[in-house]
Amino acid sequence: MGFLSRIRRLISGQPTLTGGIEIFAPVSGDLVEIEQVPDVVFAEKIVGDGLAINPTGKLILAPIDGTIGKIFETNHAFSIESAQGLELFVHFGVGTVELRGNGFKRLAEEGQQVKVGDPILEFDLEYLTDQVESLLTPVVLANMEDVQYLVKAQGQVIAGKDVIFTVEL
């Protein structure tokens, strides 16, 4: 755990964590290694480590219990922080920011408390398929300095039901 996270945990009275924190799929689809995302920011883990999902369906759900931090104005990405201080970033596709919100609908608000599986964003997969470079949806840990280890799943996942990775802080 990083120094700043230890201080934040002490100040807020958060308990010491034992065991791993499970991160659930925010979208249904096939898991893909983060290095396969055709965007250097994700592929080279500049934002953080994680996985990508080749999405199906129409909803992006909360991957953890926590507080929504930022929902991008274009409704294609959001950040969420768990009570334990885990910071996640979910970004639908590559090139979606240029769509200026077309193909997306916001279902939750910044600062909202959510539980795993609560809907955050809605997307129009049929429309987006022809509009962007890639639909791969990265789910990354933004505060990797606080992470001791990360165990990644493989295969197909169902949004809100399947664990995509487990984190130890």
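- Only one option out of Ile164, Ile34, Val27 pairs with Val139 in a side chain to side chain contact (heavy atoms under 4.5 Å, CB included); it is Ile164.
- Paired with His91 under the rule side chain to side chain contact (heavy atoms under 4.5 Å, CB included), one option of Thr137, Val97, Val140, Thr96 passes, and it is Thr96.
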Checklist entry - Between Phe104 and Tyr127, is a ring pair (Phe, Tyr, Trp, His ring centres under 6.0 Å) present by the stated rule, with each step listed? => result CA-CA 10 Å; Phe104 296 96; Tyr127 170 78; 8.6 Å; no
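- In summary, the side chains of Glu22 and Thr166 do not present any donor paired with an acceptor at a separation below 3.5 Å, with no hydrogens or angles considered.
- Between the CG atom of Asn54 and the OG1 atom of Thr56 there is a distance of 8.5 Å, given to the nearest 0.5 Å.
- Two residues are said to be in side-chain contact when any heavy atoms from C-beta on lie closer than 4.5 Å; Val37 and Ser134 fail this criterion.
- A donor-acceptor contact shorter than 3.5 Å is absent between the side chain of Arg100 and the backbone of Glu73.
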Item to check | Audit row: Leu136, Asp39, side-chain contact (heavy atoms from CB on, under 4.5 Å) steps and yes/no | outcome: CA-CA 10 Å; Leu136 290 179; Asp39 183 326; over 6 Å; no
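- Separation of atoms CG (Leu31) and NZ (Lys152) is listed at 10.5 Å; rounding is to 0.5 Å.
- Relative orientation of the His76 and Phe72 rings is perpendicular, given thresholds of 30° and 60° on the angle between their planes.
- Panel note: side chain Gln36, backbone Glu33; no donor-acceptor pair is recorded below 3.5 Å.
- Side chain of Gln148 to main chain of Leu169: a donor-acceptor pair is present (N/O by atom type, distance under 3.5 Å, no hydrogens or angles).
- The backbone N or O of Ile71 lies less than 3.5 Å from a partner atom in the side chain of Glu110, making a donor-acceptor pair.
- Remark: side-chain polar atoms of Asn143 are paired, donor with acceptor, to backbone N or O of Glu87 under 3.5 angstrom.
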Item to check | Pair Leu86-Ile23, side-chain contact (heavy atoms from CB on, under 4.5 Å): steps then yes or no | outcome: CA-CA 10 Å; Leu86 191 64; Ile23 309 304; 3.3 Å; yes
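- Remark: of the listed residues Asp65, Ile64, Val167, Ile64 is the sole one forming a side chain to side chain contact (heavy atoms under 4.5 Å, CB included) with Ser82.
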